[in-house]
Amino acid sequence: MIKKILIANRGEIALRVMRSCKEKGIRTVAVYSEADRTSMHVSYADEAVCIGPAPSSESYLCIDKIINAAKSTSCNAIHPGYGFLSENADFSRRCSAEGLIFIGPDAESIEAMGDKISARKAMIAAGVPVVPGTAANMDEEHLLSTCREIGLPVIIKAAAGGGGKGMRLVRDEQELVEAYRAAKSEAKASFSSDEVYVEKYIESPHHIEIQFLGDRHGNVVHLFDRECSVQRRHQKIVEESPSPFISDDIRQAMGEIAVKAAKSVNYVGAGTIEFLVDKDMNFYFLEMNTRLQVEHPITEEVIGLDLVKEQINIASGQRLRFRQGDIRQRGHAIECRICAEDTEHEFMPTAGVISNVRTPQGIGVRVDSFIYDGYEIPIYYDSMLSKLIVWATNRRYALERMRRALYEYKITGIVTNIDYLRRIMDARDYVKGDYTTHFIEENQDRLLEAPDKAQAEKMALAAAYIDYIVNNNTPPSATSADQHPISRWRAFAKQKGVLRI
């Protein structure tokens with residue numbers, strides 16, 4: 001029986017896991033780097049252990065430090081969250097060797113699906129449709145002949161990769177060698193392996209994934225689909241469930257294939273099969289994620305399950321409490337990733353101190369976050385601050401609710417992507433549900449539309465005037481106008497007759 005869990009992660013996902021543990025009456029232990037000393041997950045846990053300096057390589061990626069922290073606090077289980085060591089087979093194996101329950105799949109499943117080449121081989125053997133391509137490490141000698149056989153365009157991918165790293169799209173034979181070498185170099189730097197393979201590039205696909213659960217008694221069920229096609233440089237920004245594109249018949253077929261794939265590798269725990277779906281709804285295996293996904297909350301909202309609790313139950317040796325026929329999709333959910341990044345300047349990550357946070361409230365709104373007033377964002381980790389999730393009875397109402405929630409969400413002191421997400425919610429293709437993985441590039445000009453400078457200047461001048469009248473203060477400069485509640489100034493300025501817009 002699991003009585004105490006160390007969460008080998010940080011930020012939002014660490015808190016999210018701890019909340020489920022709290023509901024189940026399970027004690028939690030947080031680990032943190034020196035840069036995360038003031039992070040919310042540290043104070044929320046029952047106990048906390050510092051595991052080293054800020055760089056992940058010296059803290060969150062150190063297996064020995066995490067194992068020692070778990071044993072010194074008498075934990076009998078470890079939850080890896082996502083990222084960091086969550087898909088590290090050696091970590092899973094080490095936990096078992098130390099008598100700790102790893103809340104995730106066995107090392108063998110992680111190894112089978114973690115390498116993209118071996119995953120392709122396993123799926124082909126299981127009869128799962130895969131994108132045409134190579135089933136072995138691609139060498140430069142056979143590069144040209146292989147790509148001609150597959151047919152351009154092709155995409156070169158890192159065998160151990162993910163998140164768009166070690167990936168190059170090639171449309172012209174003249175670009176092949178340079179792209180191949182660049183992909184290998186980036187793969188080596190990112191994953192310590194320069195193995196790459198080649199796939200046929202599917203034009204304008206949908207990126208759709210199927211969530212599934214498997215227990216140690218041979219039971220596997222799928223939890224339906226998520227549409228993840230709103231991506232920038234292969235990084236997801238917005239997700240929704242169910243997909244507005246695929247039909248119920250295709251949805252069911254994809255679910256059945258996902259179950260078949262999971263059973264073929266004796267999968268235990270929560271996992272995800274990612275598919276590419278073309279315009280004719282032909283679907284192809286892309287990869288299996290052997291962990292909880294960032295976007296798992298939208299599945300929780302439409303299915304009505306707590307996936308972390310299910311992970312813990314499975315790791316405890318319990319059978320699944322339900323069968324496939326018991327699971328239904330209900331309503332529609334959308335998730336937006338709130339990030340500390342400057343969308344007007346190449347999406348550069350931003351750091352600094354958050355002066356104020358006002359989270360959206362109301363029916364059907366969920367915020368998974370770890371930030372608070374006065375929190376200083378470290379420069380060492382991912383830029384995601386929170387996940388904003390909404391649920392409603394249908395897609396139209398969910399979209400309306402997300403617009404409202406984004407309007408209410410205020411984070412001051414740093415630059416975020418909230419305005420960018422608002423524009424996505426208003427984009428015609430997104431509203432229609434008629435979008436693919438090319439949505440961002442096809443709508444780039446509209447999504448990066450800068451505020452009208454003349455309007456901003458008027459607001460700044462009005463703000464300075466009002467501040468002077470009300471508080472008898474020196475008028476603030478135009479550049480500081482965004483530090484004040486503009487809506488109050490706007491109303492007051494109209495009343496005074498200094499702003500007629």
Side-chain angles (χ1 to χ4, degrees), residues 1-2 5 17 20 24 77-82 86-89 91-93 95-96 100-115 118-130 208-226 241 251-275 283 285-300 302-329:
M1 183 177 179
I2 294 177
I5 299 175
V17 173
S20 290
K24 288 179 69 67
I78 292 180
H79 194 299
Y82 48 67
S86 62
E87 294 182 282
N88 187 303
F91 184 44
S92 174
R93 191 176 287 113
C95 287
S96 298
L100 296 164
I101 298 171
F102 181 76
I103 303 177
D106 296 331
E108 292 73 21
S109 295
I110 297 175
E111 284 178 333
M113 305 312 295
D115 180 271
S118 65
R120 281 177 60 85
K121 291 178 180 178
M123 293 300 99
I124 291 170
V128 175
V130 301
I208 295 175
E209 58 192 30
I210 302 290
Q211 177 77 59
F212 62 86
L213 295 171
D215 65 22
R216 292 202 174 276
H217 306 278
N219 302 303
V220 180
V221 297
H222 71 80
L223 306 181
F224 294 96
D225 60 300
R226 297 188 288 255
S241 180
R251 181 174 290 113
Q252 187 61 37
M254 292 175 72
E256 291 172 0
I257 286 289
V259 169
K260 184 178 181 180
K263 286 184 175 181
S264 73
V265 293
N266 301 312
Y267 196 92
V268 174
T272 303
I273 296 283
E274 299 193 347
F275 293 96
F283 58 91
F285 170 83
L286 179 63
E287 63 181 353
M288 180 187 289
N289 295 117
T290 55
R291 55 171 167 79
L292 202 63
Q293 293 277 85
V294 175
E295 57 273 17
H296 76 274
I298 54 176
T299 293
E300 293 182 322
V302 298
I303 298 297
L305 290 176
D306 183 323
L307 293 184
V308 172
K309 288 183 180 179
E310 298 304 328
Q311 285 185 298
I312 295 170
N313 292 341
I314 291 168
S316 299
Q318 298 179 27
R319 292 178 180 272
L320 292 177
R321 302 176 293 109
F322 36 77
R323 299 187 180 190
Q324 191 64 62
D326 300 324
I327 303 166
R328 296 283 188 276
Q329 284 179 307

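Atoms considered below: every heavy atom in the structure, side chains included; atoms not considered: hydrogens, waters and symmetry mates.
Taking OG1 from Thr299 and CD1 from Ile327, the interatomic distance works out to 11.0 Å, rounded to the nearest 0.5 Å. Atom CZ in Phe285 sits 9.0 Å away from atom CZ in Arg120 (nearest 0.5 Å). Between Ile303 atom CD1 and Phe322 atom CZ the span is 9.5 Å, to the nearest 0.5 Å. Taking CG of Leu292 as the reference point, atom OG of Ser86 lies at 9.0 Å (rounded to 0.5 Å). Distance check, rounded to the nearest 0.5 Å: CD of Glu300 to CD of Gln211 gives 8.5 Å. One distance of note links CD1 of Ile5 with CG of Leu100; it measures 11.5 Å at 0.5 Å rounding.
Under a cut-off of 6.0 angstrom, the local environment of CZ in Arg216 is sparse, with at most 12 non-hydrogen atoms contributed by other residues, nucleotides or ligands.
Identified under the salt bridge (Lys or Arg N to Asp or Glu O under 4.0 Å) test for residues 256-265, with sequence neighbours left out: none. Sorted by first then second residue, the salt bridge (Lys or Arg N to Asp or Glu O under 4.0 Å) pairs that include residues 303-315, not counting sequence neighbours, are Arg16-Asp306, Glu23-Lys309, Glu310-Arg321.
Listed by chain and number, the residues in a side chain to side chain contact (heavy atoms under 4.5 Å, CB included) with Ser316 are Ile2, Ile312, Gln318 (sequence neighbours excluded). Under the side chain to side chain contact (heavy atoms under 4.5 Å, CB included) criterion, Gln293 pairs with Glu209, Arg226, Lys236, Thr272, Glu274, Asn289, Arg291, Glu295, not counting sequence neighbours. Annotation: ring pair (Phe, Tyr, Trp, His ring centres under 6.0 Å) contacts of Phe224 (sequence neighbours excluded): His222. Every side chain to side chain contact (heavy atoms under 4.5 Å, CB included) that Ser264 has, sequence neighbours left out, goes to Met123, Ala126.
Residues Ile273 and Met288 meet the side-chain proximity criterion, which asks for heavy atoms closer than 4.5 Å. With contacts defined as side-chain heavy-atom distances shorter than 4.5 Å, the pair Leu320/Ile314 qualifies.
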Exercise for the section: Determine, step by step, whether Ile110 and Phe91 satisfy the side chain to side chain contact (heavy atoms under 4.5 Å, CB included) criterion, reporting the C-alpha distance in whole Å, the side-chain angles of both residues, the deciding distance to 0.1 Å, and the verdict. Expected result: CA-CA 10 Å; Ile110 297 175; Phe91 184 44; over 6 Å; no
Problem - Worked verdict on Met113 versus Tyr267 for side chain to side chain contact (heavy atoms under 4.5 Å, CB included) - result: CA-CA 10 Å; Met113 305 312 295; Tyr267 196 92; 5.6 Å; no
Problem - Candidate pair Ile208 and Met254, rule side chain to side chain contact (heavy atoms under 4.5 Å, CB included), full reasoning - result: CA-CA 9 Å; Ile208 295 175; Met254 292 175 72; 3.7 Å; yes
Handout entry: Residues Leu223, Leu307; criterion side chain to side chain contact (heavy atoms under 4.5 Å, CB included); working and verdict
Key = CA-CA 10 Å; Leu223 306 181; Leu307 293 184; 3.4 Å; yes
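Without hydrogens or angle criteria, Ser109 side chain to Val265 main chain gives a donor-acceptor distance under 3.5 Å. Remark: the backbone N or O of Arg251 is not paired with any side-chain donor or acceptor of Asp225 at under 3.5 angstrom. Listed for the Ser92 side chain is no donor-acceptor partner under 3.5 Å among the backbone atoms of Asp106.
When all heavy atoms of Ile210 and Gly255 are compared, the closest pair comes out as CG2-CA, 4.1 Å. For the residue pair Glu111 and Ser118, the shortest heavy atom distance occurs at O-OG, 3.7 Å.
The residues Asp115 and Lys121 are annotated as not salt-bridged, no charged nitrogen and carboxylate oxygen being separated by less than 4.0 angstrom.
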